[in-house]
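A short write-up of the structure that comes next.
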Amino acid sequence: MSAAAKQAIDLMEILPESEQNFALEFIKKLVIAWDPDFTKVTPSERAELEKAIKEIENGETVSHESVNWN
């Protein structure tokens, strides 16, 4: 979890419960405004995708034939 996310959680926890719900809904709206189709990735997701692409390019994959599908 990022430091910013932890800080946001800490701040939300000091609010009354009714205000916590308002804050959560506001955060949801921010996320949707940032990516209405949820197509963007976080920095850690981007790193994982780049790692996977390199593994594929280097042939570091398992063939379908070598998997026991039963």
Side-chain angles (χ1 to χ4, degrees):
M1 177 184 314
S2 73
K6 175 72 171 117
Q7 185 179 17
I9 291 168
D10 291 344
L11 290 171
M12 284 184 60
E13 288 178 344
I14 63 174
L15 294 172
E17 188 172 336
S18 63
E19 297 301 316
Q20 288 179 13
N21 293 333
F22 172 80
L24 179 60
E25 292 304 314
F26 181 74
I27 291 170
K28 286 179 185 178
K29 288 181 182 188
L30 286 175
V31 170
I32 291 170
W34 173 67
D35 186 9
D37 297 323
F38 301 103
T39 57
K40 295 180 184 166
V41 295
T42 66
S44 61
E45 290 170 330
R46 171 61 55 208
E48 287 293 320
L49 288 170
E50 289 173 2
K51 178 183 174 195
I53 290 168
K54 286 179 184 176
E55 289 174 351
I56 291 169
E57 290 172 347
N58 294 332
E60 300 170 6
T61 59
V62 177
S63 70
H64 286 260
E65 293 80 28
S66 66
V67 175
N68 180 355
W69 295 100
N70 297 320

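Worth knowing before you read on, the calculation uses all heavy atoms, side chains too, and leaves out hydrogens, waters and symmetry mates. Since this is a predicted model, take the numbers as computed values, not measurements.
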- request: Could you tell me the separation between the CE atom of Met12 and the CD atom of Glu17, rounded to the nearest 0.5 Å?
  value: 10.5 Å
task: Could you tell me whether the side chain of Glu55 and the main chain of Glu60 form a donor-acceptor pair under 3.5 Å?
output: no
message: For Ser63 versus Ser66, what's the shortest heavy-atom pair and its separation?
response: O-OG, 2.9 Å
field: Point-to-point distance, once rounded to the nearest 0.5 Å, from NZ of Lys6 to CG of Leu11
entry: 10.0 Å
task: Before giving the answer on salt bridge (Lys or Arg N to Asp or Glu O under 4.0 Å), spell out for Lys28 and Glu25 the whole-Å C-alpha distance, their side-chain angles and the decisive distance to 0.1 Å.
output: CA-CA 5 Å; Lys28 286 179 185 178; Glu25 292 304 314; 3.3 Å; yes
- prompt: Looking at Gln20 and Leu15, what are the two nearest heavy atoms and their distance?
  reply: NE2-O, 2.9 Å
field: From CD (Glu19) to CD1 (Ile14), nearest 0.5 Å
entry: 12.0 Å
